[in-house]
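Some notes on the structure that comes next.
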Amino acid sequence: MVFSERLSLERRIRRVVLALLLCAQAGLGFSVAGQQEGTCEANGSLYFVGEWYFLDSDHCTQCECTTEGSACSRTECTSLPAACIHVSHYPTDCCPRCEKIGCEYRGVVYELGQNFQPSECEQCTCENDGIARCLVADCAPPPCVNPDYQPGKCCPECKEGPNCYVDASRSRVIPAGEPIWVDSCTKCRCHDGQDAGYWEGNRLATCSRLKNCTPEQPSTKKN
């Protein structure tokens, strides 16, 4: 008695399972191509209604599987910051990424708002738009013919004071100030701030020569 009741129960279970399988198959059905109705085929895979997925061929296109097929829309990438100086585009990402913002000036990267001095004569600021804007010192022409450029200083200095060349040969330098006799017949004076065109390329002294004067020759001693 027990054996027969057990067999009858197993038969009823098999009938229920078979009925469920038949119902599921009838509900899904099959298309001519063999694809189950109620699914979408993309990326070499099947997606059920309600599933979302990105296209392998375009990571910016996202689709939803619907009863009428795939409904897709493309993501529009937002613009990167104006101060972005390092952009990365990973293969699995739709849009590029900004990895670093700041200013790049002569191969060096500076933070936004940072003040820096790339040279002795420049003072720069990294602006919020990613552009480094600089002020360049305007040095006045040095009042000497042998200016000295010191490390860390923008403008040159005249360590020996203002001076100029006696003539175009530029073989002799005299200090500025009072007129100087360069020989027994010639007196020269460097230009100063009261002269027109002072230090605008004129580094030669103004000289006057006595009339009918023959410069004395340096004496030579004979042994």
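Everything numeric in this text was worked out from a predicted model, so none of it was measured.
Applying the salt bridge (charged side-chain N to carboxylate O under 4.0 Å, His left out) rule to pairs touching residues 79-97 yields D93-R97, sequence neighbours excluded. For residues 61-102, no pair satisfies ring pair (Phe, Tyr, Trp, His ring centres under 6.0 Å), with sequence neighbours left out. Pairs engaging residues 123-159 under the ring pair (Phe, Tyr, Trp, His ring centres under 6.0 Å) rule: none recorded [sequence neighbours left out]. Each salt bridge (charged side-chain N to carboxylate O under 4.0 Å, His left out) pair with one or both residues in residues 108-132, not counting sequence neighbours, appears once here: K100-E111, R106-E122, D129-R133. The side-chain hydrogen bond (donor to acceptor under 3.5 Å, both in side chains) analysis of residues 72-81, with sequence neighbours excluded, yields the pairs D58-R74.
Within the 4.5 Å cutoff, no side-chain heavy atoms of C154 are placed close to those of Q123. When side chains are defined from C-beta on, L80 counts as touching V87, because their heavy atoms get closer than 4.5 Å. Between K187 and V182 the shortest side-chain heavy-atom distance does not fall below 4.5 Å. For the pair C190/P162, no side-chain contact is recorded, criterion being any heavy-atom separation below 4.5 Å from C-beta on. At a threshold of 4.5 Å between non-hydrogen side-chain atoms, the residues L112 and C126 count as touching. The closest side-chain heavy-atom distance from C124 to P118 is below 4.5 Å.
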Atom pairs and distances, side-chain donor-acceptor, residues 134-145, under 3.5 Å, sequence neighbours left out:
none

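Closest approach of N163 and P175 over heavy atoms only: CB-CA, 4.0 Å. Between A42 and L55 the shortest heavy-atom distance is CB-CD2, 4.5 Å. The minimum heavy-atom distance between I101 and C84, with the atom names listed, is CG2-CA, 4.0 Å. A pairwise comparison of heavy atoms in T39 and C65 identifies C-SG, 3.7 Å as the closest pair. Considering all non-hydrogen atoms of both residues, A205 and C164 come closest at CB-SG, 3.6 Å. Taking every heavy atom of both residues into account, N128 and A83 meet most closely at O-CB, 3.6 Å.
Contacts of E160 classified as side chain to side chain donor-acceptor pair (under 3.5 Å), with partners at least two apart in sequence or in another chain: N146. With sequence neighbours excluded, the residues that form a side chain to side chain donor-acceptor pair (under 3.5 Å) with N115 are T125. Partners of Y105 under the ring pair (Phe, Tyr, Trp, His ring centres under 6.0 Å) rule, at least two apart in sequence or in another chain, are F116. Evaluation of the side chain to side chain donor-acceptor pair (under 3.5 Å) rule for E51 yields no partner, not counting sequence neighbours. Applying the salt bridge (charged side-chain N to carboxylate O under 4.0 Å, His left out) criterion to K211, with sequence neighbours excluded, gives no partner residue.
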### Task
For side-chain contact (heavy atoms from CB on, under 4.5 Å), just list the numbers for Y165 and V173, CA-CA rounded to whole Å, side-chain angles, deciding distance to a tenth of an Å, and then say yes or no.
CA-CA 5 Å; Y165 293 113; V173 177; 3.8 Å; yes
### Task
Could you walk me through whether Y47 and S70 pass the side-chain hydrogen bond (donor to acceptor under 3.5 Å, both in side chains) test, one step at a time?
CA-CA 9 Å; Y47 297 91; S70 296; over 6 Å; no
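Separation of atoms CD1 (I180) and OG1 (T186) is listed at 13.0 Å; rounding is to 0.5 Å. For the atom pair SG of C185 and CG of D183, the computed distance is 6.0 Å after rounding to the nearest 0.5 Å. Atoms SG and CZ, from C40 and F48 in turn, are 10.5 Å apart once rounded to the nearest 0.5 Å.
Residue E99 qualifies as enclosed at atom CD: its count of foreign heavy atoms under 6.0 Å is above 12.
For the two cysteine residues C63 and C72, the thiol sulfurs sit under 2.5 Å apart. With C60, the cysteine C95 has an SG gap of 2.5 Å or longer.
Defined by atom type and a distance below 3.5 Å, a donor-acceptor pair is missing between the side-chain atoms of N43 and S45.
Think of I85 as one node in a network of Ile, Leu, Val, Met, Phe, Trp and Tyr side chains linked at under 4.5 Å; its network also takes in V109.
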